[in-house]
There are 2 protein chains.
Amino acid sequence: MDAIDLRLIDLLRDNARSSYAELARQVGLSAPAVHERVGKLETAGTIRAYRAEVEPETIGLGVTALIGIIEDSGADTDDVLAALRVMPEIESCHFMAGVESYQLTVRVGTIAELEQLIVRINRTPGVASTRTAIALSTKWENRPQPGREVA
Amino acid sequence: MDAIDLRLIDLLRDNARSSYAELARQVGLSAPAVHERVGKLETAGTIRAYRAEVEPETIGLGVTALIGIIEDSGADTDDVLAALRVMPEIESCHFMAGVESYQLTVRVGTIAELEQLIVRINRTPGVASTRTAIALSTKWENRPQPGREVA
DNA sequence: TCAAGCCATGGACGCCATCGACCTGCGCCT
DNA sequence: AGGCGCAGGTCGATGGCGTCCATGGCTTGA
């Protein structure tokens, strides 16, 4: 993981569909060299995936909300997590420090669906209560930040 | 925006580097047809970008936190937003319903950097107070959910 | 019913991904 | 100190792919 790898990562975070030839031009290496470097970054798990980022409204997911989960005292966190994992509406799931053990980002089509999702989460064994905040608008999302050499 | 477009979007959200030929095979069309459809989805703004998803720790961004912002009564929301926008550590920014006007997802290298970021946000004119929660671990992030026909 | 426009098809061409062979610089072992 | 081995690079070739174009069918609207 040197400066060129970081540069490749930044380029791919900006446009994951760049050709190897294009990447090679940008970093001043040959295309096969870039190909090998990117391949190693992929198998090392540094690059997890390449995703198209889509306007959520256009695919019927116009409602975004953040949900905090407070667990029962004595709840099995793994069970709660497993229950959350099978809900496709949960886009992101962070395990947090603080009263609320989990913070979820969820995406649904309508407020009615959000209501159903909240009910389902509240019914999950181990969940004591939830706190939901609805996003009125998304100013930006997943904005890439230049990487740094890890100390 | 028909069923095939949705299918293409789902495929590209799963792997943004699929070749057009591969996409064409999956949806049962010719490569040029797929090329044209994807091009239209891009110019229509449905597909916003193609991004490589990276393990944050490996690029020196091991600390993730969520920050809620409460604005001063009478604060100019646009000014606050403009101030937030120039902070590269803020990965996502949602304008929320509720007491906290903004919910941020931030990514920094160390707790010390997080502290500095919080101070900077609190000093921003229009910001009354903030509430920060640190993510101990990320269970998953940006998990794509199959799109639906928009009603 | 007819016309027009949109979209998929298939072919052609040039670029790109990818493989193999060779080279070079560095670290290590003798 | 010198030689060996390896990691990682360039170069060249080839096969597949992206991309443009002309053609033809289907659907829509008058």
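The analysis underlying the following values was restricted to heavy atoms, covering all of them including side chains, and did not include hydrogens, waters or symmetry mates. Below, chains carry the letters A, B, ... as their sequence lines are ordered, and counting in each starts from 1.
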Checking T124(A) side chain against R120(A) main chain: does a donor-acceptor pair fall under 3.5 Å?
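Pair found, side chain donor or acceptor close to backbone of R120(A).
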Run the numbers on N122(A) and I118(A) for side chain to side chain contact (heavy atoms under 4.5 Å, CB included), then give the verdict.
CA-CA 6 Å; N122(A) 271 309; I118(A) 294 171; 3.4 Å; yes
OP1 or OP2 of dA7(D) sitting under 4.0 Å from any side-chain N/O of K40(A)?
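K40(A) to dA7(D) OP1/OP2: no side-chain N or O under 4.0 Å.
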Any R37(B) side-chain nitrogen or oxygen under 4.0 Å from OP1 or OP2 of dC7(C):
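For dC7(C), neither OP1 nor OP2 has a side-chain N or O of R37(B) closer than 4.0 Å.
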Mind checking side chain to side chain contact (heavy atoms under 4.5 Å, CB included) for [X] and listing every partner two or more places apart, or none if nothing turns up?
X: V27(A); result: I4(A), R7(A), L8(A), L11(A), L29(A), V34(A)
X: E57(A); result: E55(A)
X: A82(A); result: none

Helix axis bend for the helix from dT1(C)-dA30(D) to dT30(C)-dA1(D) - C1'-based end axes, five pairs, 10° rounding
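Its terminal axes enclose an angle near 30°.
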Could you check how far [atom1] of [X] sits from [atom2] of [N], rounded to whole Å?
X: D2(A); N: dA7(D); atom1: CG; atom2: P; result: 16 Å
X: I4(B); N: dC7(C); atom1: CD1; atom2: P; result: 12 Å
X: E36(A); N: dC16(C); atom1: CD; atom2: P; result: 20 Å
X: H35(B); N: dC21(D); atom1: NE2; atom2: P; result: 12 Å

Do E141(A) and S92(B) have a side chain donor and acceptor closer than 3.5 Å?
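Judged by distance alone, the side chains do not pair up.
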State, without any angle test, whether Y50(A) and E42(A) hold a side-chain donor-acceptor pair at a distance under 3.5 Å.
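Yes, a side-chain donor-acceptor pair sits under 3.5 Å.
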Hey, can you pull the residues of residues 9-34 of chain A with a non-hydrogen atom under 4.0 angstrom from DNA chain D?
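Output list: L29(A), S30(A), P32(A), A33(A).
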When you measure from every atom of DNA chain D, which of residues 47-54 of chain A have a heavy atom less than 4.0 Å away?
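Close to the strand, none.
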Answer yes or no: is there an ion pair linking R107(A) with E91(A), defined by an N-O contact shorter than 4.0 Å?
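Salt bridge: yes.
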Side-chain heavy atoms under 4.5 angstrom apart, residues restricted to Ile, Leu, Val, Met, Phe, Trp, Tyr: same cluster for I69(A) and V99(A)?
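Different clusters.
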Take atom CD in Q26(B); do more than 12 heavy atoms of anything else shown fall under 6.0 Å from it?
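Yes, because the 6.0 Å sphere around CD of Q26(B) holds more than 12 heavy atoms from other groups.
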Any cation-pi pair here, K139(A) with Y102(B), using under 6.0 Å and within 45°?
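No - K139(A) does not lie over the ring of Y102(B) by the 6.0 Å and 45° rule.
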